[in-house]
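The structure presented is a predicted model; accordingly, all values stated were derived computationally and were not measured. Lettering follows sequence order; numbering is per chain, from 1.
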Protein chains: 2
Amino acid sequence: MTNIVQIIGRLGKLVWFHRKKAGLTQIQLADLAGVGKSTVYDIEKGKSTVQINSLFAVLAIMNIDVKFSGPLSAAFEKWSADQSSDK
Amino acid sequence: MTNIVQIIGRLGKLVWFHRKKAGLTQIQLADLAGVGKSTVYDIEKGKSTVQINSLFAVLAIMNIDVKFSGPLSAAFEKWSADQSSDK
DNA sequence: TCGAATTTACTGCCTTAACAGTAAAATGTG
DNA sequence: CACATTTTACTGTTAAGGCAGTAAATTCGA
């Protein structure tokens, strides 16, 4: 029943893994992402209260993409397409 | 080049779509997720500074799951498996 | 159309994340 | 083993999110 803490903890490790392979320090990644070094540290440590803009900024630098899917995703896609082609 | 604001904006609509189909009000969803009503409102509006625990709590209620994948995801899975079977 | 329910928007208070600085602990390289 | 680099951990300050309350705007059903 993977809870939030576990998901974020795992995500932190994923970030760490990518950063290491990229040969970057936390500070370098922080600078690239435009966040503070403490925030990178927190993300990698699995802190669950970081803001999504900070998290996503870091993920973007590491080319980690995020995908959301719910039971109504297909219906949403259709509805969403209709919305764009409105008047 | 879908940026962070766009991603979160779209995510907000996805949450809204699921909530509506589920026949819940923002307050009901907020209570279920254990967050404030303002937070649900913010998420649906695409506010990019909400905290991930708040966001994920809401997503969990709507059965929207989140998937992260980077260029090293496969390598990470292997490494991760090794870690669990350590000593 | 009318009224109830819901959403939007704004408020102020309280809590706390973001941040840079710093120092200790850990890591790794010669 | 040293030495340099990096990470961990803690600090105080500043800025801002989380929240409930409220009221206006909007939506929706009878």
Side-chain angles (χ1 to χ4, degrees), chain A residues 3-5 7-62 64 66 72 75-76 79-80 82-83 86-87, chain B residues 3-5 7-62 64 66 72 75-76 79-80 82-83 86-87:
Chain A
N3 65 47
I4 294 172
V5 173
I7 292 174
I8 299 175
R10 186 166 182 76
L11 176 58
K13 283 178 193 269
L14 183 65
V15 170
W16 170 84
F17 192 85
H18 278 75
R19 177 174 64 79
K20 280 299 180 182
K21 296 292 183 182
L24 296 173
T25 66
Q26 291 179 337
I27 292 177
Q28 290 173 325
L29 175 53
D31 289 344
L32 286 170
V35 302
K37 68 171 178 47
S38 309
T39 301
V40 169
Y41 169 67
D42 288 339
I43 289 172
E44 292 189 352
K45 231 192 133 205
K47 187 178 184 185
S48 62
T49 51
V50 298
Q51 297 175 10
I52 50 182
N53 55 356
S54 299
L55 174 62
F56 282 22
V58 169
L59 295 182
I61 296 297
M62 306 312 292
I64 296 173
V66 193
L72 307 177
F76 174 71
W79 171 85
S80 194
D82 291 350
Q83 293 308 103
D86 60 358
K87 106 153 320 332
Chain B
N3 63 48
I4 294 175
V5 174
I7 292 174
I8 298 177
R10 186 165 182 75
L11 176 57
K13 285 179 193 267
L14 183 65
V15 169
W16 171 84
F17 191 84
H18 278 75
R19 178 175 64 79
K20 280 300 182 183
K21 296 292 182 182
L24 296 173
T25 66
Q26 291 180 336
I27 293 177
Q28 289 173 326
L29 175 53
D31 289 344
L32 287 169
V35 302
K37 68 171 178 46
S38 308
T39 301
V40 169
Y41 170 67
D42 287 340
I43 290 173
E44 292 189 352
K45 230 192 133 206
K47 187 178 184 185
S48 63
T49 50
V50 297
Q51 297 176 8
I52 50 181
N53 54 356
S54 299
L55 174 63
F56 282 23
V58 169
L59 294 181
I61 295 298
M62 307 311 293
I64 296 172
V66 193
L72 306 177
F76 175 69
W79 171 85
S80 195
D82 290 351
Q83 292 309 103
D86 61 358
K87 111 147 314 328

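Between Leu32(B) atom CG and Leu24(B) atom CG the span is 6.0 Å, to the nearest 0.5 Å. Rounding to the nearest 0.5 Å places CZ of Phe76(B) at 7.0 Å from NZ of Lys13(A). To the nearest 0.5 Å, the span separating CG on Leu55(A) from CD1 on Ile64(A) amounts to 9.0 Å. Atom CE of Met62(B) is separated from atom CG of Leu29(B) by 5.5 Å, given to the nearest 0.5 angstrom.
Rounding to whole angstrom units, OH of residue Tyr41(A) and C1' of dT7(D) are separated by 8 Å. A straight line from CG of Asp42(B) to C1' of dG18(D) spans 9 Å, rounded to a whole angstrom.
Axis orientation changes by 70° from one end of the helix from dT1(C)-dA30(D) to dG30(C)-dC1(D) to the other, with each end axis drawn from 5 pairs and the value rounded to 10°.
Shown here are the side chain to side chain contact (heavy atoms under 4.5 Å, CB included) partners of Ala33(A), two or more places apart in sequence or in another chain: Val35(A), Ala57(A), Val58(A), Ile61(A). For Lys21(B), the side chain to side chain contact (heavy atoms under 4.5 Å, CB included) partners two or more places apart in sequence, or in a different chain, are Leu72(A), Phe17(B). When the side chain to side chain contact (heavy atoms under 4.5 Å, CB included) test is applied to Ser38(B), no partner is found at least two apart in sequence or on another chain. Applying the side chain to side chain donor-acceptor pair (under 3.5 Å) test to Gln26(A) and every residue at least two apart in sequence or in another chain returns Glu44(A).
A 4.5 Å side-chain heavy-atom check between Leu59(A) and Ile43(A) finds every atom pair outside the cut-off.
Identified under the salt bridge (Lys or Arg N to Asp or Glu O under 4.0 Å) test for residues 48-59 of chain B, with sequence neighbours left out: none.
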Indicate every side-chain donor-acceptor pair of residues 46-53 of chain A with a distance under 3.5 Å to a residue at least two apart or in another chain.
none

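When every heavy atom of Ser54(B) is checked against every heavy atom of Thr39(B), the shortest pair comes out as CB-CG2, 3.8 Å.
Non-hydrogen atoms lying under 4.0 Å from DNA chain D are contributed by Val35(B), Gly36(B), Lys37(B), Ser38(B), Thr39(B), all within residues 25-39 of chain B. Contacts between residues 12-22 of chain A and DNA chain D, defined by a heavy-atom separation below 4.0 Å, involve Arg19(A), Lys20(A), listed by number. Taken residue by residue, residues 46-58 of chain A places heavy atoms nearer than 4.0 Å to DNA chain C at Lys47(A), Thr49(A), Val50(A), Gln51(A), Ser54(A).
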Worked verdict on Tyr41(B) versus Lys37(B) for side-chain contact (heavy atoms from CB on, under 4.5 Å): CA-CA 6 Å; Tyr41(B) 170 67; Lys37(B) 68 171 178 46; over 6 Å; no
The test is side-chain contact (heavy atoms from CB on, under 4.5 Å); show your working for Val66(B) and Leu11(A) and say whether it passes. CA-CA 11 Å; Val66(B) 193; Leu11(A) 176 58; over 6 Å; no
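Using a 4.0 Å cutoff to heavy atoms of chain B, the contacted part of DNA chain C runs 5' to 3' from dT6(C) to dA17(C).
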